[in-house]
Amino acid sequence: MRASNLYAPTLREVPAEAEIPSHKLMLRAGFIRKAAGGIYTYLPLAWRTLRKIERIIREEMDAAGGQEIAMPIMQPAELWKESGRWDVFGEEMFKLNDRHDREFCLGPTHEEIITDLIRNEVRSYKQLPLLLYQIQNKYRDEIRPRFGLMRGREFIMKDLYSFDKDEAGLDVSYKKMYDAYTKIFSRCGLVFRPVEADSGAIGGSNTHEFTALAKTGESQIAVCTKCDYAANVEKAELSAIKSGDETEQKLKKVATPGTKTIEAVIEYLHLSIEKSIKAVMFQDEKDRVIFAFIRGDHDVNDVKLQNAVGAVELHMAEKASITAFGGVPGFTGPIGLKKDTVIVIDQSVMNMKNACCGANEEGQHYINVNPQRDFGDVLVKDIRQIKDGDPCPHCGAPVQLTRGIEIGQVFKLGIKYSGSLRATFLDENGREKPFVMGCYGIGVSRTMAAAIEQYHDADGIIWPKAIAPYEAVIVAINAKDSAQMKLAEEIYTAMKKSGIDVLLDDRKERAGVKFKDADLIGYPVRITIGPKAVKENIIEVKVRKTGEVFNFDRNSYLPAVQKLLSQL
RNA sequence: CGGGGCAUGGCUCAGUUUGGUAGAGCACCUGGCUUGGGACCAGGGGGUCGCAGGUUCGAAUCCUGCUGCUCCGACCA
């Protein structure tokens with residue numbers, strides 16, 4: 001390809017709409033243009049990179065036994081109503097009607113379609129396992145599309161669905177996908193971690209998110225500094241903190257006027273914050289009021305709390321709801337609350353000795369609180385949010401909190417969809433059984449964005465070789481110098497012939513412009529053809545990532561460049 | 001959905017406070033000159049100032065309503 005024919009409109013200035021590096025750079029380097037909020041056109045450079053990512057995905061999916069199909073983007077409402085997700089997805093789904101007023105949606109995912117596809121045709125356990133996948137556009141009417149391709153309303157996703165006869169089979173399929181994902185993201189050159197995640201409202205027993213580490217990432221993860229444990233902060237487990245042996249003192253109510261915050265209480269009582277118990281009140285979707293208690297210096301993890309009490313959604317409780325159950329805002333404690341409410345105590349609180357907590361009376365706290373002795377029959381769970389330096393649940397070494405971009409997820413669905421859509425087969429004993437399913441997604445367009453988040457500098461993108469739109473660019477310094485152009489052409493032809501994915505920048509621009517564009521677009525290597533090349537037979541090769549410059553001889557540059565590329 | 005901000009040529013923005021001839025840089029076209037890190041000179045084209053009302057002799061500027069974009073929050077691959 002010649003740059004003079006390439007549609008890659010680069011921008012000198014940063015468009016005002018972009019916030020994060022990947023978005024800014026994709027706009028500036030001429031990779032994408034916005035069509036509407038969260039909807040983008042992929043220009044030639046982006047499309048090449050996407051196709052390279054897809055190719056890697058296809059190779060690994062096929063190697064793991066996957067078969068590629070293509071399912072419709074537009075899907076009938078009936079299937080979604082049958083699975084019960086027409087309303088669950090709700091506003092987030094793009095819905096439309098045809099001329100006969102039949103309802104459709106633009107697929108946000110394809111569990112319904114695929115389950116429907118196989119439910120009437122796969123009848124026997126002998127046809128299993130079955131792994132089908134596609135690379136397809138997905139649609140989600142995001143409340144707030146942002147960050148360019150990171151959170152769009154239309155995005156490219158690879159989704160594979162596995163069908164097995166039993167849990168053991170699912171475990172095998174899951175492992176295959178887990179391993180394939182590891183290979184895929186490694187081949188893409190990304191720095192990533194598979195992290196344990198919460199399965200959320202979709203249900204399911206086991207799930208890992210593949211997260212590309214990046215400062216701008218939207219999800220927060222806890223990574224062990226010693227072992228390979230990594231988990232989404234929503235999921236990251238904590239073990240109960242042991243307390244020192246202390247003689248239990250007698251429970252006592254004391255006046256603590258005006259101490260509505262934990263800080264005020266401990267200052268007033270001259271206690272350390274580790275001796276305080278904090279109350280946090282929530283209401284769920286059924287308007288149940290939930291009283292959660294946690295050590296003063298800890299924070300409640302609302303996903304853990306949701307799971308602990310079986311709620312779908314939690315929000316802060318209203319004052320009236322708190323008082324209705326005997327709580328007094330600022331002075332709420334577990335002792336003396338009405339029995340017909342939900343009380344959850346963090347596991348670490350149960351080990352505390354001679355602590356303090358609210359007495360459910362204005363201006364009053366209890367001291368010498370010993371939860372094991374004083375709280376009676378309460379629900380004890382791990383509801384605490386992990387923080388930097390907390391011990392790893394596997395090896396005990398401190399964990400580190402870091403941010404990442406979720407680029408893939410592997411998920412054991414079990415029989416959730418095969419159950420609701422009545423998709424069954426006959427097992428060895430002739431018994432009808434629902435398929436045991438798994439689903440496995442990769443955000444393809446998001447992976448491209450994640451790569452840029454990981455690899456860029458002040459001058460532009462620095463593509464990993466495997467997913468760069470072109471592996472190399474040849475810059476002729478002076479397009480009007482026919483000797484230079486002739487040599488550039490010669491090298492271009494030779495490199496192409498040897499299998500290098502190369503672009504020839506033959507534009508009639510000044511050298512500076514071409515250099516700036518090459519850095520911005522981020523070709524892994526740049527070959528410069530100037531006077532030195534013509535007069536001294538020196539082929540100059542610059543590595544984008546390191547800035548290293550190599551001078552190769554005109555007669556032997558090709559193997560040298562190949563070797564250089566193979567090391568990138 | 002709640003709270004900010006913005007909307008002026010393809011891009012980045014000034015002009016709006018205090019109403020009076022629509023601007024700059026970049027990009028684009030022509031010619032010249034230049035060619036190792038986003039040159040320079042000369043000439044040129046392009047904007048009903050987001051939309052709809054209103055106030056006024058006169059509105060980019062003041063008022064009302066709407067739309068779009070964007071940032072923060074609740075939601076999420």
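Naming convention: chains lettered A, B, ... in sequence-line order (proteins, then strands); numbering from 1 in each chain.
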Visitor: Calculate the interatomic distance between D457(A) atom CG and G37(B) atom C1'; express it in whole Å.
Guide: 14 Å
Visitor: Base, sugar-phosphate, or nothing for L520(A), non-hydrogen atoms under 4.0 angstrom?
Guide: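 Touches a base.
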Visitor: Rounded to whole angstroms, how far apart are NZ on K158(A) and C1' on A77(B)?
Guide: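 After rounding, the gap between these two atoms is 12 Å.
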Visitor: For D517(A), which contact category applies under a 4.0 Å heavy-atom criterion: base, sugar-phosphate, or nothing?
Guide: base
Visitor: Sticking with atom C1', work out how far U64(B) lies from G45(B), rounded to a whole angstrom.
Guide: 38 Å
Visitor: Take atom C1' in G4(B) and the same atom in U8(B), then report the distance between them in whole Å.
Guide: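 Each nucleotide's C1' atom is 22 Å from the other's.
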Visitor: Taking the nucleotide of RNA chain B with the nearest heavy atom to each, does G512(A) or A16(A) sit closer to the 5' end?
Guide: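 Mapping each residue to its closest nucleotide by heavy atoms, the 5'-most match is A16(A).
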Visitor: Can you tell me, in whole Å, how much space there is between the P of G50(B) and that of C6(B)?
Guide: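 My reading of the P atoms in G50(B) and C6(B) gives 13 Å.
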Visitor: Which label fits F550(A) and F552(A): parallel for a plane angle under 30°, tilted from 30 to 60°, or perpendicular past 60°?
Guide: parallel
Visitor: What interatomic distance, in whole Å, is found between P of G73(B) and the corresponding atom of A60(B)?
Guide: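 The answer is 38 Å between these two P atoms.
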Visitor: Just wondering, more than 12 heavy atoms not from K387(A) lying within 6.0 Å of its NZ?
Guide: yes
Visitor: Atom CD1 of I57(A) to atom P of A77(B): distance rounded to whole Å?
Guide: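 For the pair I57(A) CD1 and A77(B) P, the rounded distance is 17 Å.
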Visitor: For P15(A) and for G38(A), locate the closest nucleotide of RNA chain B by heavy-atom distance; then report the residue assigned to the nucleotide nearer the 5' terminus.
Guide: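 The residue closer to the strand's 5' end, by nearest nucleotide, is P15(A).
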Visitor: U21(B) pairs with which nucleotide, Watson-Crick or G-U wobble, both distances below 3.5 Å?
Guide: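 Partner of U21(B): none found under 3.5 Å.
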Visitor: Can you tell if the side chain of E196(A) reaches within under 4.5 Å of the side chain of N232(A), non-hydrogen atoms only?
Guide: no
Visitor: Using a heavy-atom cut-off of 4.0 Å across all strands, would you classify R28(A) as base, sugar-phosphate, or nothing?
Guide: base
Visitor: Calculate the interatomic distance between K34(A) atom NZ and C69(B) atom P; express it in whole Å.
Guide: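 Rounded to whole Å, this separation is 7 Å.
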Visitor: Could you tell me if the side chain of T41(A) sits less than 4.5 Å from the side chain of K34(A), heavy atoms only?
Guide: no
Visitor: When you measure only distances, ignoring hydrogens and angles, does the side chain of K542(A) come within 3.5 Å of the base of G37(B) through a donor and an acceptor?
Guide: yes
Visitor: Using Watson-Crick or G-U wobble geometry with both distances below 3.5 Å, tell me the partner of C69(B), or none.
Guide: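 Its partner is G5(B) (Watson-Crick or G-U wobble, both distances under 3.5 Å).
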Visitor: Under 4.0 Å between any heavy atoms, over every strand shown, what does S219(A) touch: base, sugar-phosphate, or nothing? Just pick one.
Guide: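 It contacts nothing in the nucleic acid.
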Visitor: If pairing requires Watson-Crick or G-U wobble contacts with both distances under 3.5 Å, which nucleotide is the partner of U56(B)?
Guide: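 No nucleotide pairs with U56(B).
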Visitor: When all nucleic acid strands are considered with a 4.0 Å heavy-atom cut-off, which category describes P108(A): base, sugar-phosphate, or nothing?
Guide: nothing
Visitor: I want to check one thing: is the phosphate of A27(B), taken as OP1 and OP2, less than 4.0 Å away from some side-chain N or O of R12(A)?
Guide: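 Yes, because at least one side-chain N or O of R12(A) sits under 4.0 Å from OP1 or OP2 of A27(B).
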Visitor: So if I take every side-chain heavy atom of E19(A) and compare against C71(B), G36(B), A77(B), which nucleotide ends up nearest?
Guide: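 Within the option list, the nearest is C71(B).
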Visitor: In whole angstrom, give me the gap between the C1' atoms of U56(B) and G38(B).
Guide: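 Per the computed distance, 48 Å lies between those C1' atoms.
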Visitor: Which distance, rounded to the nearest 0.5 Å, do you find between the OH of Y440(A) and the CG of D159(A)?
Guide: 12.5 Å
Visitor: Look up atom CG in L213(A) and atom CD1 in I405(A), then write down how far apart they are to the nearest 0.5 Å.
Guide: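 Those atoms lie 9.0 Å apart.
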Visitor: Using a 4.0 Å heavy-atom cut-off across all strands, classify V14(A) as base, sugar-phosphate, or nothing.
Guide: sugar-phosphate
Visitor: Which is true for R526(A) with a 4.0 Å heavy-atom rule: it touches a base, it touches only sugar-phosphate, or it touches nothing?
Guide: base
Visitor: With 3.5 Å as the limit, what N/O pairs link the protein to nucleotides 30-35 of chain B?
Guide:
| unit_1 | atom_1 | unit_2 | atom_2 | d |
| --- | --- | --- | --- | --- |
| U34(B) | O2 | R510(A) | NH1 | 2.8 |
| U34(B) | O4 | K480(A) | NZ | 2.8 |
| U35(B) | O4 | K480(A) | NZ | 3.1 |

Visitor: If you measure from the Lys or Arg side-chain nitrogens to the Asp or Glu carboxylate oxygens, is any gap between D505(A) and R2(A) under 4.0 Å?
Guide: no
Visitor: What contact category does G152(A) fall into here, base, sugar-phosphate, or nothing, at under 4.0 angstrom with non-hydrogen atoms?
Guide: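 Base contact.
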Visitor: For the C1' atoms, the ones on A14(B) and on C49(B), what distance do you get once it is rounded to whole angstrom?
Guide: 13 Å
Visitor: Taking G9(B) as the reference, what is the distance to G19(B) when you measure between their C1' atoms (whole Å, please)?
Guide: 24 Å
Visitor: May I have the distance from F147(A) (atom CZ) to C75(B) (atom P), rounded to whole angstrom?
Guide: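 Computing the F147(A):CZ to C75(B):P distance gives 15 Å.
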Visitor: Among A77(B), C71(B), G38(B), find the nucleotide with the atom closest to the side chain of E406(A).
Guide: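 Closest of the options to the side chain of E406(A): A77(B).
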Visitor: Just the rounded figure in Å: distance from C1' of A77(B) to OH of Y181(A).
Guide: 11 Å
Visitor: Answer yes or no: is there a side-chain heavy-atom contact under 4.5 Å between M448(A) and S22(A)?
Guide: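 With C-beta onward as the side chain, the pair stays apart.
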Visitor: Can you tell me the Watson-Crick or wobble partner of U16(B), both distances under 3.5 angstrom?
Guide: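 WC or wobble partner does not exist here.
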Visitor: Of all residues at least two apart in sequence or in a different chain, which pass the salt bridge (Lys or Arg N to Asp or Glu O under 4.0 Å) check with K176(A)?
Guide: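 With neighbours one apart ignored, the set is empty.
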Visitor: Could you check whether E540(A) gets within reach of a base, just the sugar-phosphate, or nothing at all, counting any heavy atom under 4.0 Å?
Guide: base
Visitor: Would you say C72(B) has OP1 or OP2 under 4.0 Å from some side-chain N or O of R144(A)?
Guide: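 Result: yes.
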Visitor: How many Å lie between CE on M150(A) and P on C71(B), as a whole number?
Guide: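 Rounded to the whole Å, the gap is 13 Å.
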Visitor: Quickly work out the E13(A) CD to A24(B) P distance and round it to whole Å.
Guide: 16 Å
Visitor: Would you please classify the geometry between the Y139(A) ring and the F94(A) ring as parallel, tilted or perpendicular, with 30° and 60° separating the classes?
Guide: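 Rings of F94(A) and Y139(A): perpendicular, as their planes differ by over 60°.
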Visitor: Taking the C1' atom in each of G2(B) and G23(B), what is the distance between them to the nearest angstrom?
Guide: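 Per the computed distance, 38 Å lies between those C1' atoms.
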Visitor: Is K532(A) touching bases, backbone alone, or none of the nucleic acid, heavy atoms closer than 4.0 Å?
Guide: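 Touches a base.
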Visitor: With centres under 5.5 Å and planes under 30° as the test, does F515(A) stack with G36(B)?
Guide: no
Visitor: Over 60° means perpendicular and under 30° means parallel, so tell me whether Y40(A) and H23(A) are parallel, tilted or perpendicular.
Guide: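 Y40(A) and H23(A): perpendicular rings.
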